[in-house]
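Reminder, nothing fancy here: chain letters follow the sequence lines and each chain counts from 1. Fair warning: this is a prediction, and the values are worked out from it, not measured in the lab.
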Amino acid sequence: MEDGLSNCDILLPFSSCEKFNGMIDGTVTPIPSKGFQHIKFLLKCFVPLTDLLTKYMRASEEDLADPVFFDKSTTLMLYTIAVAIAQIGNQDQIGKFSAHLIPDGDISVCIKDGPGAIIRVEDHHMLTLKKPAATYRAIMEFRDMKLARALFDGKINAVACIGTGDIRMGGMISMVDNVNRILDRVALYLA
Amino acid sequence: MASKINSYDKSRQWFDRATRVIPSGVYGHLGPAEGCFIPVSSFPLFGDKAQGSYFWDVDGNRFIDYMCAYGPNVLGYNDPDVDAAALEQVKKCNCTTSPSYKMVELAELMVDTVNCADWAFFAKNGNDVTTAAIMAARAATHRKKIIFVNGFYHGVAPWTQKVDYPGVIPEDVANNLYVDWNDFEQVEKVVAENEGEIAAFISTPYLHGNFADNVLPADGYWQKVRKLCTEKGIVLIIDDVRAGFRLDTAGSDHFYGFEADMICFCKAIANGWNVSCLCGKDFMKSAVSSLSYTGSYWMSAVPFAAGIACINKMKQLNLPVLLREKALKVTGALKAAAENNGFDLRVSGEPALFYLRIANDDSLLLHQEWISEMVRRGIFMTSHHNHFLNASLTDEDISLTAEVADEAFKVVAKNHPELF
């Protein structure tokens, strides 16, 4: 499994993590080193898209009152967290400790009757696929979008939710356990 | 047969009430999260009463209990002899400024019973004494590092958790070294790489971790480890909290033909009256005396009185042999029921603490489903942990268990026509 692309139409290099974060924050305009002919796309589409990212990821209460927006925002958060879990498991020193205890297989992280992601583990390397799992070796399923959102926003505790049945776990629990340990570290990076 | 299927309305009511005032409602290994209640709806959440091999939940459902409170129930809940001794002591004193001489009597009994014991030190929980053992090893050797065996569980203090656990910081575990079970070459390598720095090697007598088949020691493994520890001045600590008294009343190290320097007991000592005990060889006595390590309830007399009665009764019954016989009947019946229905049920570990796993799939999903059907029909088992037996389990209980197991296998098979 490999992350990233070897061929691309546009290449946006960043000299530092701070510069990348600046693009997300809207303080840095990216200059492509390849695909300059697509500059219009960058300026008219890509940069505004990063602004929208902020709107969905740091949603206001007002925006969240719209059920359609709520679902889209929560879905985006699910995917972001699932991808973050994989990156932290692969890169963060303590995340790697958790990852080395996870056996191979697919972990389904999903919202009942809603979106889902697969965290695929192979030789302790993790990759997130943004689609529901047809089969899995372990599962962590949230009762509904509202509960998932409350969990993602840190308003409720996952362990308590398992007791109430609002979070269903099954299969190789040791996989779920260790993914949860990495999940605990997501807030360090994405808060 | 068609068993009654449990409902848990009152359990849920109590749990909802609990979540308002207790973090997670029921936290820890007896709760639905760590206890792996999969699904939660199949399991009782609160008990009401217990007797022998049974407990009844708050909805009045009776369970044959193959977890025995995760070990403390070794003679049967409310054993008349143990409880009589405890209640007799209650009339005299329990937790008092001047500790009762019952502590001395229990210490003498531990020294007489446990093969490697020249002394005994008492506390409340298993982790109290695993921590005491580690501290004593560090005090005695003036070394920092500790070797753990992967898959370990020695309690919940930060030193014995893992670096990725909430509330644990890297400094808590910075001196921990890890080896794989049964890999003596790896032990040798780790010892060589940390020459003169290792205070202790701590391990359970065999690998009885969760979520995985349990593994007995390879031939000669413990003898080689014992020799290496002696040569290198490493204190050998056996954590017998889980297996203690169930394999051998003289200690699980004795069962496997070697001697620990220190050995930790808890669960089975007093049949549920709470006491833990660290025993060890004479050369460690001074180091233990030097520790600043105590607790308000550690010298309570009632658990000591209960422990004396319990240990004497375990010896009288030849408990390890009794439990092994019962366990082989139980696991034999479960395997037969599995095979009759097309399931591959694996049984591992020592019989008295058997671990189960349906191996038809590699995800444990089928196994969790089967356990769920067992629990709903009044046979309390878990999908992630070894099981425990107690002396009061009868042949009738075992027959009923087998019948329910067969019914549960049929239900699961029917739910999965793609597999069966």
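- Contact check for Tyr27(B) versus Val159(A): no side-chain heavy atoms found under the 4.5 Å cut-off.
- Shown here is Lys414(B), whose NZ atom has no more than 12 heavy atoms of other residues, nucleotides or ligands within 6.0 Å.
- Across Ile162(A) and Ala33(B), no two heavy atoms sit closer than the pair CG2-CA, 3.7 Å.
- Across all non-hydrogen atoms, the minimal contact from Gly163(A) to Pro32(B) is CA-CG, 3.3 Å.
- Of the atoms belonging to Phe37(B), not a single heavy atom falls under 4.5 Å from chain A.
- The shortest distance between side-chain heavy atoms of Asp164(B) and Asn178(A) falls below 4.5 Å.
- Contacts with chain B were tallied for Thr164(A), Ile167(A), Asn157(A), Leu101(A); Thr164(A) has the most, counting heavy-atom pairs under 4.5 Å.
- Residue Tyr178(B) places its OH atom among more than 12 non-hydrogen atoms of other residues, nucleotides or ligands, all under 6.0 Å distant.
- With a 4.5 angstrom heavy-atom cutoff, Asn180(A) does not touch chain B via any of its atoms.
- When Gly171(A), Ala160(A), Cys161(A) are compared by the number of non-hydrogen pairs under 4.5 Å with chain B, Gly171(A) comes out ahead.
- Between the CD1 atom in Ile38(B) and the CD1 atom in Ile139(A) there is a gap of 11.0 Å [rounded to 0.5 Å].
- Summarising the geometry of Arg137(A) relative to Asp362(B), their closest heavy-atom pair is NE-O, 2.7 Å, with the distance given to 0.1 Å.
- Among the candidates Thr19(B), Val40(B), Val26(B), the residue making the largest number of heavy-atom pairs closer than 4.5 Å to chain A is Val40(B).
- Counting heavy atoms from C-beta outward, Ile94(A) and Pro170(B) have side chains that approach closer than 4.5 Å.
- The NE2 atom of His384(B) sits 11.5 Å away from atom OG of Ser174(A), with the distance rounded to the nearest 0.5 Å.
- When each of Val163(B), Leu364(B), Asp361(B) is scored by its heavy-atom pairs under 4.5 Å with chain A, the top score falls to Val163(B).
- Other residues, nucleotides and ligands place no more than 12 heavy atoms under 6.0 Å from the CD atom of Glu62(A).
- Within a 6.0 Å sphere centred on NZ of Lys410(B), heavy atoms belonging to other residues, nucleotides or ligands number more than 12.
- Within a 6.0 Å sphere centred on CH2 of Trp14(B), other residues, nucleotides and ligands contribute 12 heavy atoms or fewer.
- In this structure the side chain of Asn210(B) never reaches within 4.5 angstrom of the side chain of Ile173(A), judged on heavy atoms.
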